[in-house]
Amino acid sequence: MEDKMGSECEGPEMSLVCLTDFQAHAREHLSKSTRDFIEGGADDSVTRDDNIAAFKRIRLRPRYLRDVSEVDTRTTIQGDEISAPICIAPTGFHCLVWPDGEMSTARAAQAAGICYITSTFASCSLEDIVIAAPEGLRWFQLYVHPDLQLNKQLIQRVESLGFKALVITLDAPVCGNRRHDIRNQLRRNLTLTDLQSPKKGNSIPYFQMTPISTSLCWNDLSWFQSITRLPIILKGILTKEDAELAVKHNVQGIIVSNHGGRQLDEVLASIDALTEVVAAVKGKIEVYLDGGVRTGNDVLKALALGARCIFLGRPILWGLAYKGEHGVKEVLNILTNEFHTSMALTGCRSVAEINRNLIQFSRL
């Protein structure tokens, strides 16, 4: 498949220069059910679309006559250096779009020097992902299962494999109403490699896996803190009230996220929710963002509003569908180069110089 797709992608007619070019290519080359699975939002997809539109309501305020001959995109997350504040969000079932799936994604992240959050719903085993990219910076995303023993087993496994943080998804106690997936009956064709019961060694069909805990509460976080030394990051927070509770419960980070608009529709766009979350934590823990980032300007705007870094979801899958590991590398390179340009053109020589004064919200 790689050779076949590689030959298809050669030549000037296939020159992809921005992230939406990769989206267009994926739409042409993926099956309808896979395309719908990646692109689909919940209900009317209002939030999915607003995630992107909200960035365009923010305008930049560049500063000039600054020496930008050297621009440094490096930063740190949870104390680990990354080459740019552009990392890979947890998305599932990468083998739907490329045979090597998450192994290719992990290799691309390692080559780029950025963090890859591996999903509970990975279609490759955690061991194979680590073997593919042994030096990569990896976090693990957990959907909390009602069976505490299963959670404990999985967390101890990722810790022993060298994952550096545990990302607990909060916004999916039940699955959002994703109409395309329901029409396509996609879940019946997917299996989970890593979500296995301690009593059973076989993979679990996705449609039988729905036991994500519906009873997870703030006080349960102490149990997770008691069984792991990994920093705990909470993914899916959109309000100052929950951000304040996250600080109170001594977690190490928040990912401001609405699940790419795939869970509860008509919530705030991630970039619109970021401001109140950052204000609420008062610098006590790191805040990250996913949802709607498509350009280097978007990355700059997120950082100006207080995000430590952004995490990319759908664009990574578009890159994977294009040319596997090399496609993901291209997506990351394009976005990093755009971000570098955005920094230079706004007068920022380092990530530390990006601040709230660089932006204003448009009245349009």
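Not measured: the values here are computed from a predicted model. Side chains are part of it too, since the values below use all heavy atoms of this structure and drop only hydrogens, waters and symmetry mates.
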Next item on the list: Assess whether atom NZ of Lys56 is packed by more than 12 heavy atoms of other residues, nucleotides or ligands within 6.0 Å.
Entry: yes
Item checked: Min side-chain heavy-atom separation Leu142-Val167 under 4.5 Å -> no
Check: Considering residues, nucleotides and ligands other than Arg74, do more than 12 of their heavy atoms fall under 6.0 Å from its CZ?
Finding: no
Next item on the list: If the plane angle is over 60° it's perpendicular, under 30° parallel, otherwise tilted; pick one for Phe140 and Phe163.
Entry: perpendicular
Checklist line | Main-chain N/O of Asn219 paired with Ser222 side-chain donor or acceptor, under 3.5 Å | finding: yes
Item checked: Donor on one side chain, acceptor on other, Asn258 and Asn51, under 3.5 Å -> yes
Note to self: For the residue pair His94 / Ser123, report whether a side-chain donor-acceptor contact shorter than 3.5 Å exists.
What the structure shows: no
Check: Any ion pair linking Arg57 and Asp272 (charged N to carboxylate O, less than 4.0 Å)?
Finding: yes
Notebook entry, point to check: NZ of Lys164: more than 12 outside heavy atoms within 6.0 angstrom?
Noted result: no
Check: Does Tyr288 have Arg308 sitting over its ring (NZ/CZ under 6.0 Å from centre, angle to axis within 45°)?
Finding: no
Note to self: Check this for me, if you would: do Arg48 and Asp265 make a salt bridge, where the nitrogen-to-carboxylate-oxygen distance has to be below 4.0 angstrom?
What the structure shows: no
Check: Taking atom types as modelled and ignoring hydrogens, do the side chains of Gln23 and Arg294 form a donor-acceptor contact shorter than 3.5 angstrom?
Finding: no
Notebook entry, point to check: Between Glu70 and Arg349, is there a salt bridge with N-O shorter than 4.0 Å?
Noted result: no
Margin query: Ring of Phe22, cation from Arg314 - is the NZ or CZ under 6.0 Å from the centre and inside 45° of the axis?
Written below: no
Checklist line | Worked check of side chain to side chain contact (heavy atoms under 4.5 Å, CB included) between Val256 and Val287 | finding: CA-CA 7 Å; Val256 175; Val287 178; 3.7 Å; yes
Notebook entry, point to check: Would you call Ile155 and Ile227 a side-chain contact if the rule is heavy atoms closer than 4.5 Å?
Noted result: yes
Notebook entry, point to check: Between Gln141 and Thr169, do the side chains contain an N or O donor and an N or O acceptor separated by less than 3.5 Å?
Noted result: yes
Note to self: Assess, by modelled atom type and distance only, whether the side chains of Asp290 and Ser257 contain a donor and an acceptor separated by less than 3.5 Å.
What the structure shows: yes
Checklist line | Validation row: Ile114, Leu137 side chains within 4.5 angstrom (heavy atoms) | finding: no
Item checked: Distance-only polar pair, side chains of Asn297 and Thr295, donor-acceptor under 3.5 Å -> no
Check: Do His145 and Asn151 have side-chain N/O donor and acceptor atoms under 3.5 Å apart?
Finding: no
Check: Do any N or O atoms from the side chain of Ser125 and from the backbone of Asp128 form a donor-acceptor pair under 3.5 angstrom?
Finding: yes
Margin query: For Arg157, is there any backbone N or O sitting under 3.5 Å from a side-chain donor or acceptor partner on Ser160?
Written below: yes
Please list, one pair per line, the donor and acceptor atoms closer than 3.5 Å that link side chains of residues 230-251 to other protein atoms, with sequence neighbours excluded.
| from | atom 1 | to | atom 2 | distance (Å) |
| --- | --- | --- | --- | --- |
| Thr239 | OG1 | Asp242 | N | 3.3 |
| His249 | ND1 | Leu245 | O | 2.9 |

